[in-house]
Amino acid sequence: MKRMNLRDVPDDVYTALTEAAEANRQSLSAFVVDRLTEVAQVARLSDYVAAYTPPTGSGIHLEDAVAAVREVREAT
């Protein structure tokens, strides 16, 4: 495991994180590590798309998911 120090965290971000950690009954550190773990898992969109498995019986295909992501990206 590695240690990580964060600097220059905006006050509003820090407040939101501490409140969310408290609501989840976690320490701030544990909460942030959990969120960073989630981000790391999808940091590369191509890896996410390659690993995507549509819900069984949903009728959704990989191509549908890719098209939806592109549509949202282009709208923002």
Side-chain angles (χ1 to χ4, degrees):
M1 293 218 171
K2 300 288 183 196
R3 289 184 173 257
M4 185 176 185
N5 292 317
L6 296 176
R7 297 181 186 166
D8 302 323
V9 177
D11 292 339
D12 58 331
V13 172
Y14 182 83
T15 299
L17 290 171
T18 55
E19 289 173 357
E22 207 172 278
N24 284 286
R25 295 183 176 163
Q26 290 180 291
S27 68
L28 177 59
S29 180
F31 182 79
V32 170
V33 168
D34 284 351
R35 299 298 75 78
L36 287 173
T37 301
E38 291 172 3
V39 169
Q41 290 172 350
V42 294
R44 294 186 182 134
L45 185 57
S46 61
D47 291 345
Y48 174 75
V49 171
Y52 179 77
T53 304
T56 304
S58 68
I60 297 173
H61 302 283
L62 182 59
E63 295 79 20
D64 299 330
V66 171
V69 169
R70 284 191 180 129
E71 183 178 329
V72 170
R73 260 200 216 156
E74 292 170 1
T76 56

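Distance check: Leu36 CG to Leu6 CG gives 7.0 Å after rounding to the nearest 0.5 Å.
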Return a table of donor-acceptor pairs under 3.5 angstrom between the side chains of residues 21-29 and protein atoms on other chains or two or more places apart.
unit_1, atom_1, unit_2, atom_2, d
Asn24, ND2, Ala20, O, 2.8
Gln26, NE2, Asp34, OD2, 2.6
Ser27, OG, Ala30, N, 3.0

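Contact record, Val9 with Tyr14: CG1-N, 3.9 Å, taken as the closest heavy-atom pair.
Following chains of ILVMFWY side-chain contacts shorter than 4.5 Å, one can reach Met4 starting from Val32, so the two form part of one hydrophobic cluster.
For Asp11, the CG atom is loosely surrounded, since the number of other residues' heavy atoms within 6.0 Å does not exceed 12.
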